[in-house]
Protein chains: 2
Amino acid sequence: MDLRRLVYFVAVAEELHFGRAASRLAIAQPPLSRQIAQLESDLGVMLIDRSRSQIRLTQAGNVLLERARDVLERLDRTHREIKRIGEGFSGHLRVAFVGSATYGVLPNVIKAFRSAYPDVELALSAMNNAEQKRAVIQREIDIAVARPSLDDEELKSEPLLQEPLILALSDTSPLLERQVTRLSALKSETFVLYPRKPRPSFADHILNICLEEGFIPKSQVLAQDYQTAISLVSVGVGIALVPKSVSQAERPGVAYRAYEGHNPGTALSLNYRRDNRMPHLFNFLKVAQDVVRRQRKP
Amino acid sequence: MDLRRLVYFVAVAEELHFGRAASRLAIAQPPLSRQIAQLESDLGVMLIDRSRSQIRLTQAGNVLLERARDVLERLDRTHREIKRIGEGFSGHLRVAFVGSATYGVLPNVIKAFRSAYPDVELALSAMNNAEQKRAVIQREIDIAVARPSLDDEELKSEPLLQEPLILALSDTSPLLERQVTRLSALKSETFVLYPRKPRPSFADHILNICLEEGFIPKSQVLAQDYQTAISLVSVGVGIALVPKSVSQAERPGVAYRAYEGHNPGTALSLNYRRDNRMPHLFNFLKVAQDVVRRQRKP
DNA sequence: TGCGCTGATGACCAATCGGTATCGAACCCG
DNA sequence: CGGGTTCGATACCGATTGGTCATCAGCGCA
């Protein structure tokens with residue numbers, strides 16, 4: 001049962017006149033007659049009663065008209081649906097992010113994406129870098145918002161944001177009395193660091209900064225993530241270096257200060273499989289870059 | 001969106017392999033690749049991610065697979081449905097009959113048709129000849145079971161059954177004492193007749209019989225139909241000539257007797273439009289003739 | 001009875017489809 | 001890391017199919 005024939009049949013059934021149906025279909029009358037005849041012989045059923053000058057549908061014809069309209073309408077809807085998915089206006093996108101991205105631009109990016117593509121279902125999940133890498137490679141997620149970036153042959157990474165580091169101190173710390181703190185002046189403080197694996201880790205990053213400033217923290221404490229680090233700082237365990245955006249979340253017992261000294265900052269990046277061509281992905285990248293650009297301007 | 005392409009796409013989507021899909025479809029691989037590419041460009045959407053050796057469906061592809069299966073299955077069901085209608089195994093048939101057919105073969109014909117074609121919806125209605133003629137010509141009904149037949153250029157009529165006439169008498173009638181009654185012996189009885197219009201009417205038919213027997217009933221009473229006639233007979237108004245099958249319905253106060261004399265009987269016929277080619281009609285005719293033939297045999 | 005309308009049919013041409021041969025990229029394996 | 005293998009894409013050719021134009025045949029109407 002060819003689709004074209006169904007369209008032709010519906011036209012004839014609606015016009016009840018081959019000539020008019022043909023002109024509605026923008027074809028000549030003979031091929032229309034032939035296609036209908038072909039359809040009838042395919043089905044082995046008369047669909048149109050031509051015994052009079054005014055043609056009429058048989059019972060089979062009436063039922064087919066109903067079914068054909070239904071099918072054609074479904075195909076039409078499907079066409080539009082597919083097209084919207086193909087343009088990234090519908091469907092779903094799975095995004096994972098490091099916990100520390102929660103305070104910075106990411107919420108704005110999400111908000112912007114949602115309002116630009118309200119019919120795209122966003123599946124968000126928090127993961128650390130290692131989990132992100134695994135998940136994005138295994139296609140469990142489409143985009144990883146990582147810090148600083150995921151490095152893999154299969155992946156592409158593009159920078160989203162560069163932000164400076166900032167010092168997190170207990171709000172009872174005597175260090176708060178000074179206006180500016182030189183990093184090297186803190187060499188005897190206890191530093192809250194981060195897991196060493198996988199290399200290169202954010203812990204290495206911090207230690208390198210210290211090295212640049214000419215010292216190695218004598219006392220080190222490990223925390224799983226920034227949240228834990230800040231908690232440790234708040235109870236007076238020590239000091240920590242965190243991305244500036246983390247300071248946006250006020251926390252009792254913690255104060256933030258800029259410091260003097262080597263500050264290479266830290267980067268947020270968008271990571272995805274090289275072979276992932278889905279439009280939603282590119283739309284998300286675009287929206288994210290736009291949000292960052294707009295946020296930096298004013 | 002060509003239907004063939006949908007079938008091809010479903011095959012590829014299910015096999016996730018062009019070669020296997022092609023052999024399943026019994027075509028070569030190149031045309032399959034081309035048809036899929038064509039489908040994609042028609043829709044303006046990538047449906048299959050070919051970036052790896054193991055191909056995979058895109059989001060749009062997944063949705064299309066679902067929709068395409070649905071549509072193809074609907075078309076398949078429609079195909080079967082239409083075919084059944086075309087063979088007369090499904091659909092509906094509108095039959096009208098004269099009231100006097102209620103007692104004879106008609107119930108058996110209906111029963112036989114229902115059991116042979118249980119999915120055909122039978123619409124039955126009682127009509128007199130004039131109504132039947134109008135209705136069948138205007139296509140409000142498909143078959144008219146008439147007595148004796150409908151005569152019209154547009155119609156075809158085929159005999160269903162020939163049955164003798166029988167005498168209906170009051171069960172208190174002294175005529176019952178004789179074994180056989182000669183019709184001409186009843187010339188002074190009151191005859192219950194039937195409407196004279198439209199000509200030739202059943203009244204004319206009865207009067208002709210009397211004429212053949214050499215008399216004209218002196219006393220005549222009119223009844224709309226056989227039921228009324230029998231009622232009149234039961235209350236002693238007079239006697240009536242009715243088709244033998246009418247006597248199958250026992251009625252208090254009425255007795256039936258064969259008579260001696262001219263008995264041309266009366267016919268039941270099946271009438272339908274010449275241009276009505278619907279299979280249900282022919283199936284009905286066949287079943288009706290079969291029932292009559294079988295009933296006559298034993 | 002002839003004319004007009006309508007759908008069917010036949011001849012011919014163009015577009016589409018499927019087949020074969022071949023290519024090129026990715027993957028596998030030693 | 002290089003050669004063979006696998007798999008989808010491309011190029012080209014013949015066959016099928018769909019379209020146009022011209023014409024025919026049946027029915028209704030004057």
Side-chain angles (χ1 to χ4, degrees), chain A residues 1-43 45-58 61 137 139 152-156 273-277, chain B residues 1-43 46-58 61 137-139 152-156 273-277:
Chain A
M1 208 181 335
D2 190 344
L3 206 53
R4 167 192 289 114
R5 289 186 184 136
L6 280 191
V7 175
Y8 286 7
F9 172 73
V10 170
V12 172
E14 283 176 355
E15 298 287 346
L16 289 176
H17 190 287
F18 279 75
R20 281 196 298 276
S23 71
R24 193 174 106 183
L25 295 165
I27 60 171
Q29 169 263 320
L32 182 56
S33 284
R34 249 180 314 164
Q35 294 293 353
I36 299 295
Q38 192 69 41
L39 178 62
E40 286 179 323
S41 91
D42 279 2
L43 292 170
V45 174
M46 296 301 292
L47 300 169
I48 293 174
D49 178 0
R50 306 164 171 81
S51 59
R52 298 261 145 175
S53 69
Q54 172 69 349
I55 64 178
R56 60 181 61 241
L57 296 183
T58 63
I137 287 181
R139 300 178 210 266
D152 194 280
E153 177 61 22
E154 304 245 43
L155 304 185
K156 242 176 122 172
R273 285 190 65 97
R274 283 180 186 287
D275 61 11
N276 190 341
R277 292 264 174 279
Chain B
M1 211 183 330
D2 191 342
L3 206 53
R4 168 193 289 115
R5 292 188 180 134
L6 280 191
V7 175
Y8 287 5
F9 172 74
V10 170
V12 172
E14 283 176 354
E15 299 286 346
L16 289 176
H17 189 289
F18 279 74
R20 280 196 299 276
S23 70
R24 194 173 106 182
L25 294 165
I27 61 171
Q29 169 263 318
L32 181 56
S33 284
R34 246 180 316 134
Q35 292 294 353
I36 299 295
Q38 193 69 41
L39 178 61
E40 287 179 323
S41 92
D42 280 2
L43 293 170
M46 295 303 290
L47 299 169
I48 293 175
D49 177 0
R50 304 163 171 81
S51 58
R52 298 258 142 176
S53 69
Q54 172 69 348
I55 64 177
R56 61 180 62 242
L57 296 183
T58 63
I137 287 181
Q138 302 206 345
R139 300 178 210 266
D152 193 281
E153 177 61 23
E154 304 246 43
L155 303 185
K156 242 177 120 171
R273 286 190 64 99
R274 283 178 186 285
D275 60 12
N276 190 341
R277 292 263 174 279

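The figures here come from the full heavy-atom set of this structure, side chains too, leaving out hydrogens, waters and symmetry mates. Every chain is numbered from 1 and lettered A, B, ... according to where its sequence line falls, protein lines coming before strand lines.
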Passes side chain to side chain contact (heavy atoms under 4.5 Å, CB included), B:His17 versus B:Ile55? Steps please. CA-CA 7 Å; B:His17 189 289; B:Ile55 64 177; 5.6 Å; no
Quick one: is D:dG19 close enough that its OP1 or OP2 comes under 4.0 Å of any side-chain N or O from A:Gln35? yes
Of the candidate nucleotides C:dT9, D:dT20, D:dG8, which contains the atom at the shortest distance from the side chain of B:Ile55? D:dG8
Send over the distance from A:Leu57 CG to C:dG7 P, rounded to a whole Å. 13 Å
Locate the shortest heavy-atom distance separating A:Ala37 from A:Arg50; write the atom from each residue and the value. N-NH2, 4.5 Å
Minimal non-hydrogen separation, B:Ser33 against B:Phe18, with atom names: OG-CD2, 3.5 Å
Taking atom C1' of C:dT6 as reference, at what distance in whole Å does atom CD1 of A:Ile48 sit? 13 Å
Per nearest nucleotide of DNA chain D, the residue lying toward the 5' end, B:Arg34 or A:Ala26, is B:Arg34
Using whole Å, what does the distance between atom C1' of nucleotide D:dA15 and atom CD1 of B:Ile27 come to? 15 Å
Quick one: closest heavy-atom pair of B:Asp275 and A:Asp49, and the distance? O-OD2, 4.1 Å
Could you give the CD-to-P distance, from B:Glu40 to D:dG8, as a whole number of Å? 13 Å
Sorted by chain and number, sequence neighbours left out, salt bridge (charged side-chain N to carboxylate O under 4.0 Å, His left out) with B:Arg56 holds for none
Describe the nucleic acid contact of A:Ala28 in one word from base, sugar-phosphate, nothing, applying a heavy-atom distance below 4.0 Å. sugar-phosphate
Taken to the nearest whole Å, CD1/B:Ile36 to C1'/C:dT16 is 16 Å
Using whole Å, what does the distance between atom P of nucleotide C:dC17 and atom CG of B:Leu25 come to? 15 Å
Counting only side-chain N and O atoms of B:Ser33, is one of them less than 4.0 Å from OP1 or OP2 of D:dA9? yes
Quick one: what's the B/S/- string for nucleotides 23-30 of chain D, heavy-atom cutoff under 4.0 Å, read 5' to 3'? -----S--
Roughly how many Å is it from CG in B:Asp49 to P in D:dG8, rounded to a whole number? 12 Å
Where the side chain of B:Arg50 is defined as all heavy atoms beyond and including C-beta, which of C:dG10, D:dA9, C:dT20 is the nearest nucleotide? D:dA9
For A:Leu32 and C:dT6, what is the distance between atoms CG and P respectively, to the nearest whole Å? 14 Å
CE (A:Met1) and CG (A:Asp42) are apart, to the nearest 0.5 Å, by 8.5 Å
Considering only heavy atoms, which members of residues 2-18 of chain A lie under 4.0 Å from some atom of DNA chain C? A:His17, A:Phe18
From A:Arg5 CZ over to A:Glu40 CD, what is the distance, rounded to the nearest 0.5 angstrom? 11.5 Å
Ignoring hydrogens and angles, tell me if any N or O in the side chain of A:Arg273 forms a donor-acceptor pair with the backbone of A:Ile137 under 3.5 Å. yes
